[in-house]
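For the numbers below, each heavy atom of this structure counts, side chains included, while hydrogens, waters and symmetry mates do not. Naming: A, B, ... by sequence-line order, numbering from 1 per chain.
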2 protein chains.
Amino acid sequence: MANQLNLSIDRSSPVPLYHQVVQGIESAIHTGLLPPGSRLDNEIDLAAQLNLSRPTMRKAMDELVRSGLLVRKRGVGTQVVSSQVRRPLELSSLYDDLTNNGSKPTTEVLSFSHIEADAPTREALQLPAGAKVYHFTRLRKVGGKPLALMENWVRDDITPIDEAQLAAQGLYAILRNGGVNFRLASQRIGAMVANDYQAPLLETEPGLALVTMERTAVDDTGRMVETGHHVYRADSYSFEMTLVQR
Amino acid sequence: MANQLNLSIDRSSPVPLYHQVVQGIESAIHTGLLPPGSRLDNEIDLAAQLNLSRPTMRKAMDELVRSGLLVRKRGVGTQVVSSQVRRPLELSSLYDDLTNNGSKPTTEVLSFSHIEADAPTREALQLPAGAKVYHFTRLRKVGGKPLALMENWVRDDITPIDEAQLAAQGLYAILRNGGVNFRLASQRIGAMVANDYQAPLLETEPGLALVTMERTAVDDTGRMVETGHHVYRADSYSFEMTLVQR
DNA sequence: TATGTTCTCTTGATAGGACATACTGCCTTT
DNA sequence: AAAGGCAGTATGTCCTATCAAGAGAACATA
């Protein structure tokens with residue numbers, strides 16, 4: 001036993017101690033220093049090894065358990081989850097996901113307008129009658145292959161948006177630069193078959209399978225910032241996630 | 001301000017205090033006692049009102065923030081998220097979800113066998129060569145309408161399974177009764193179009209959209225317990241979830 | 001030998017305190 | 001009147017302590 005994960009923590013760093021521990025254990029798992037199935041030292045010893053208190057150690061392990069990397073069992077111990085599980089679905093944009101994967105996505109803005117919100121949009125974004133929104137549709141390609149067709153509505157009282165920005169970067173990056181701190185999003189994932197409008201844009205045939213996603217995002221002030229309806233080619237995209245028992 | 005949510009906590013209950021607080025605030029939100037957008041008292045006052053320590057109060061609020069019901073902002077306070085957001089996707093079976101919704105699902109066992117696992121299954125469940133698994137396909141209906149077609153592989157060294165059980169209750173209930181404590185599951189959601197085998201079973205036409213899900217579940221000992229491939233009628237089912245910024 | 005009890009190890013829950021840091025609004029100063 | 005600084009307030013982080021409860025092994029007893 002006594003898996004010596006000799007990670008060092010920097011008490012002068014602005015990064016919280018528990019988060020440094022999270023990162024340290026994560027990388028130890030990914031580098032294979034902590035192989036799947038191995039048991040960690042108990043919380044008290046680990047805390048002592050790193051000169052931390054047990055609550056701080058526990059908080060770090062809480063996060064790792066929540067993210068699915070560790071499993072705990074009272075009276076027994078804590079061990080690394082056997083297989084490499086996927087990262088949980090996070091609040092990020094498709095653009096972020098792709099660039100993080102090393103791909104180079106391109107975006108084509110198919111339509112762009114600044115219009116008065118219709119009733120369904122007003123309800124989704126909780127806007128008063130007469131409020132205006134940005135409405136646009138984009139086509140995202142990776143390696144020249146079309147992947148997603150995205151239609152979004154964004155409230156206009158946050159930051160100005162124009163077509164050039166949308167072509168150059170992801171929507172979430174634009175909004176974050178505009179001062180939005182996203183807090184949560186609710187989304188629904190389903191399926192449909194490509195219709196005559198979608199098929200040629202996605203370079204597929206009508207009748208082929210598409211993954212659909214509807215999402216509404218909320219910022220830290222409780223405002224509904226953005227709502228959208230996206231479709232993805234089912235042969236190129238799926239949603240992976242890890243569910244953790246509470 | 002000073003939203004007096006007069007919930008009472010029972011210190012003699014085996015339910016942890018922080019969880020009683022979670023349930024209390026959840027119900028206060030759902031009953032409208034805490035309307036969307038309202039601010040809660042600060043953590044210290046709330047803890048004092050309930051005769052709890054701040055760590056306990058914080059732990060309760062942590063859960064509510066994680067589940068997307070509350071948003072916190074340093075220096076400002078904590079408020080109820082504006083709109084009713086969906087419950088996050090949890091580690092539960094379709095059967096549980098449906099019965100919790102008041103529906104009465106029925107299950108038809110289309111095939112059932114106890115066979116030697118093939119290579120892909122062995123890999124998914126991390127079984128040695130020659131290990132045996134239960135393999136079965138089920139058709140789930142709600143209100144007489146077919147909803148899902150499910151194919152599963154379950155390791156056989158946990159609890160015996162027979163056809164009659166599968167017809168009467170959900171797979172996860174059977175496994176839980178057999179002593180399995182689920183910890184996490186990784187799943188992938190995508191789309192496909194109904195083929196000639198699926199369409200008549202789901203009482204739809206070949207070429208209509210289906211939502212697909214592949215899932216592998218892990219128990220608290222790190223064993224891969226179950227893997228399966230499910231398809232759902234896209235017109236009757238979709239996955240809803242809430243993503244929370246960490 | 002089989003069974004039941006106890007002991008130990010580990011995680012789970014709770015308390016209470018101390019200091020850090022971010023946001024808001026007011027008040028002062030220019 | 002506008003800009004800057006300061007204080008108040010709330011959450012964020014971290015600590016020391018302590019008891020509870022589950023699991024499993026060791027041990028004693030019938």
Separation of [N] [atom2] from [X] [atom1] (nearest whole Å):
X	N	atom1	atom2	result
Q20(B)	dA13(C)	CD	P	12 Å
R72(A)	dG22(D)	CZ	P	16 Å
I44(A)	dG12(C)	CD1	P	12 Å
R39(A)	dT11(C)	CZ	C1'	13 Å
K73(B)	dT9(D)	NZ	C1'	15 Å
R74(A)	dA20(D)	CZ	C1'	7 Å
K59(A)	dT13(D)	NZ	C1'	7 Å
D10(B)	dT14(C)	CG	P	12 Å

Polar atoms only, N or O, under 3.5 Å: list the protein pairs with nucleotides 15-18 of chain D and their distances.
residue, atom, partner, partner atom, Å
dC15(D), OP1, R11(A), NH2, 2.4
dC15(D), OP2, S53(A), N, 3.2
dC15(D), OP2, S53(A), OG, 3.1
dC15(D), OP2, T56(A), OG1, 2.7

Note to self: Can you tell me which nucleotide in dC14(D), dA23(D), dG12(D) comes closest to the side chain of V76(A)?
What the structure shows: dA23(D)
For nucleotides 4-7 of chain C, give me every protein contact, N/O to N/O, under 3.5 Å, one pair per line with atom names.
none

Could you tell me whether the side chain of [X] and the main chain of [Y] form a donor-acceptor pair under 3.5 Å?
X	Y	result
Q165(B)	D162(B)	yes
T56(B)	L52(B)	no
R122(B)	A117(B)	yes
Q20(A)	D10(A)	yes
D219(B)	R223(B)	yes
S113(A)	I115(A)	no

Check: Taking NZ, NE, NH1 and NH2 as the nitrogens, is one of them in D62(A) or R72(A) under 4.0 Å from a carboxylate oxygen of the other?
Finding: yes
Notebook entry, point to check: Hey, are K132(A) and E116(A) close enough for a salt bridge, meaning a charged N less than 4.0 Å from a carboxylate O?
Noted result: no
Note to self: Taking the nucleotide of DNA chain D with the nearest heavy atom to each, does E43(B) or H19(A) sit closer to the 5' end?
What the structure shows: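 Here E43(B) is the residue nearer the 5' end.
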Note to self: Both V15(A) and G75(A) contact DNA chain D. Which one's nearest nucleotide lies toward the 5' end?
What the structure shows: V15(A)
Do any side-chain nitrogens or oxygens of [X] fall under 4.0 Å of OP1 or OP2 in [N]?
X	N	result
R58(B)	dT11(D)	no
T78(A)	dT10(C)	no
Y18(A)	dT13(D)	yes

Checklist line | From CZ (R54(A)) to CG (N42(A)), nearest 0.5 Å | finding: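 One gets 8.5 Å once the value is rounded to the nearest 0.5 Å.
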